[in-house]
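The structure appears below as structure tokens.
Just so it is clear, the model here is predicted, and its values are computed rather than measured. Starting from 1, each residue takes its place in the sequence as its number. For ligands, and for the atoms within them, numbers begin at 1 and follow the listed sequence.
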Amino acid sequence: MSIKNVCILGATGSIGLNTLDVIAQHPDRYQAFALTAYNNYEDMLELCEKHQPRFVVMVDERAADLLDALLRPKKLAITVLSGAKALEDMASHDEVEIVMAAIVGAAGLKPNLAAAAKGKKVLLANKESLVMSGQLFMSCVNDSGAELLPIDSEHNAIFQCLPQNYTCGEFIGNSVNRILLTASGGPFRTWPIEALRKVTPSQACAHPNWEMGQKISVDSASLMNKGLELIEACWLFSVTPSKIDVHIHPESIIHSMVEYIDGSVISQMGNPDMRTPIAYGLAWPERITAGVSALDLFQVGQLNFERPDVTRFPCLQLAKDAFNAGGTACASLNAANEVSVASFLKGNIPFTAIPDIITRVLETVPVNNVDSIERVLKADLDARRVAEEIIVSL
Ligand code: NAD
Ligand code: MG
């Protein structure tokens, strides 16, 4: 078996590090060929020493220079590149076979598209790119023959519950009744609405079951993560929101389910550890070890389920409405959310302002057809500008 070259977009992040962990467990199968990050050159230096990739991209030029200077005396054969275009070059590099798409936010869109257009095996963690440009991204995958495997734990679970010969993007078939998309409910699941106004960024980032980057942690707390995932599922499995039922499941043991027309419900379970979906994506259709501890259901004891409360957590409904509005509405939703979350993390707006700002942005920015990537990027920019104006005026 030949060793496969992997490009990890967002290598210093939570998904990136988990991916490197799985790769390091299987040096006979995978090697880190290219690692990318925004500006965290100190963490990247450590990753370079440990994983010895051939290429590193630091999007920030100064960080690239600093990393290069630190690497030179170590005499490792690593080329350091900088700038956003280098992300696309690495994602589409001839020697790369697998691309882990794990940049956070809209910044992942262009490199993910570059990987898909080159027909790579794309392991998709970055849900924002699919939310922004679902139609374009899925047709790019279809045209190039790229292999798209979902890494988001819920979508990976759904993929595992579908028939073995299922390909992402295909209609899931008449034998499927519903997708049951599970959600932990986040750290504020049981909090009263008045208390939500005062939550701090560190409370929002303290997820009960998963350790993740800051942005997705805040999204999980607001349920926007589930909203983005609902849109992601619509594109990956060719369904509309009416076929998807969100189930709050606080234990995060069932990662999602597929209900068939004969009444069978198939679920995928496991401890909440992203190395499981990452290993599944890397090795599919085979299975490899991931370093994940065995699930002890006696210890878990109970599995609970609740309906989502859209009064306290309006973001889920906003996402459904944006998908149903179609066109660039989802790109605007995503951009407004990114700006609002960044502002909340800086302490500039209360947690409860996030859905209010998104609502106002969606009312202001016109919806256009998604016929080109430029249209998507324009909606993204317009929504960011409007969101920033609203925040300044608060
Ligand atoms: P993170 O914040 O931990 O890491 C983000 C990575 O992206 C870092 O390597 C960072 O350097 C890089 N990055 C940030 N801004 C960039 C930019 N402008 N240009 C280029 N690179 C940039 O995030 P994460 O939690 O690993 O999440 C990554 C993606 O995976 C997100 O889209 C998230 O929704 C998705 N995801 C994460 C998890 C999880 O458990 N963490 C689960 C499911 C899906
Ligand atoms: Mg998820």
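- Look at Gly16 and you'll find every heavy atom at least 4.0 Å from all atoms of ligand 1.
- At a heavy-atom distance under 4.0 Å, atoms from both the backbone and the side chain of Ser14 approach ligand 1.
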### Task
I would like to know whether Asp65 and Arg62 meet salt bridge (charged side-chain N to carboxylate O under 4.0 Å, His left out); could you show each step before the answer?
CA-CA 5 Å; Asp65 290 344; Arg62 196 178 145 264; over 6 Å; no
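- Contacts of Lys127 with ligand 1, taken as heavy-atom pairs under 4.0 Å, involve both backbone and side chain.
- Looking at Ser153 against ligand 1, nothing comes within 4.0 Å, counting heavy atoms.
- Of the protein's heavy atoms, Tyr38 CB, 4.0 Å lies nearest to atom 15 (N) of ligand 1.
- Distances from the Mg ion (ligand 2) to each N, O or S atom of Glu229 single out OE2 as the nearest.
- Between the CG atom of Leu303 and the OG atom of Ser252 there is a distance of 10.5 Å, given to the nearest 0.5 Å.
- Between the choices Pro277, Pro272, Gly213, Ala125, the shortest heavy-atom distance to atom 24 (P) of ligand 1 belongs to Gly213.
- Considering backbone and side-chain N/O of Val59, none are found under 3.5 Å from N/O of ligand 1.
- In this structure the side chain of Leu223 never reaches within 4.5 angstrom of the side chain of Asp309, judged on heavy atoms.
- Here the side chains of Lys378 and Thr328 are not in contact, with every heavy-atom distance at 4.5 Å or above.
- Ranking protein heavy atoms by distance to atom 5 (C) of ligand 1, first place goes to Val104 CG1, 3.7 Å.
- No side-chain donor from either of Glu128 and Asn334 sits under 3.5 Å from a side-chain acceptor of the other.
- Given atom 28 (C) of ligand 1, the protein heavy atom at minimum distance is Ala102 O, 3.4 Å.
- Considering backbone and side-chain N/O of Gln214, none are found under 3.5 Å from N/O of ligand 1.
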Side chains of residues 9-23: which donor-acceptor pairs under 3.5 Å do they make with residues two or more places apart or in other chains?
from	atom 1	to	atom 2	distance (Å)
Ser14	OG	Glu211	O	3.3
Asn18	ND2	Ser14	O	3.0
Thr19	OG1	Ile15	O	2.7
Asp21	OD1	Gln25	NE2	2.7
Asp21	OD1	Arg275	NH1	3.4

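- Rounded to 10°, the angle that OD1 of Asp152 and OE1 of Glu154 form at the Mg ion (ligand 2) is 100°.
- Close approach of ligand 1 to Ala11 is summarised as follows: ligand atoms under 4.0 Å from at least one heavy atom of the residue are 9 (O).
- Residue-to-ligand polar distances keep Ala37 apart from ligand 1: every N/O pair is separated by 3.5 Å or more.
- The protein non-hydrogen atom at the shortest distance from atom 29 (C) of ligand 1 is Ile103 O, 3.7 Å.
- At a threshold of 4.0 Å, the pair Lys226-Glu229 counts as salt-bridged, since one of the basic side-chain nitrogens sits closer than that to a carboxylate oxygen.
- Ligand 1 has Ile216 within reach: a non-hydrogen atom of the residue lies less than 4.0 Å from it.
- Proximity of the aromatic rings of Trp235 and Phe323 is defined here by a centroid distance below 6.0 angstrom, and this criterion is met.
- Nearest non-hydrogen protein atom to atom 43 (C) of ligand 1 is Asp152 OD1, 3.1 Å.
- Nearest protein heavy-atom neighbour of atom 32 (O) of ligand 1: Glu128 OE1, 2.6 Å.
- Inclusion of Trp210 in the set of residues having an N or O under 3.5 Å from an N or O of ligand 1 is not warranted.
- With a 4.0 Å heavy-atom cut-off, ligand 1 is reached by no atom of Lys215.
- Considering only heavy atoms from C-beta on, Leu45 comes within 4.5 Å of Lys74 through its side chain.
- Ligand 1 places these atoms under 4.0 Å from at least one heavy atom of Gly10: 6 (C), 7 (O), 9 (O).
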Sequence neighbours left out, cut at 3.5 Å: what donor-acceptor pairs do the side chains of residues 345-367 make with other protein atoms?
from	atom 1	to	atom 2	distance (Å)
Thr359	OG1	Pro355	O	2.7
Thr364	OG1	Arg360	O	2.6

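- Ile15 CG1, 4.2 Å is the protein heavy atom nearest to atom 27 (O) of ligand 1.
- No donor-acceptor contact under 3.5 angstrom links the side chains of Asn209 and Ser184, judged on distance only.
- Interatomic distance, SG of Cys161 versus CE of Met257, reported as 9.0 Å (0.5 Å rounding).
- Residues Ile278 and Leu123 fail the side-chain proximity criterion, which asks for heavy atoms closer than 4.5 Å.
- For the pair Thr12 and ligand 1, the shortest N or O to N or O distance falls below 3.5 Å.
- In terms of protein heavy-atom proximity, atom 18 (N) of ligand 1 is closest to Ala107 CB, 3.3 Å.
- A 4.5 Å side-chain heavy-atom check between Leu81 and Asp89 finds every atom pair outside the cut-off.
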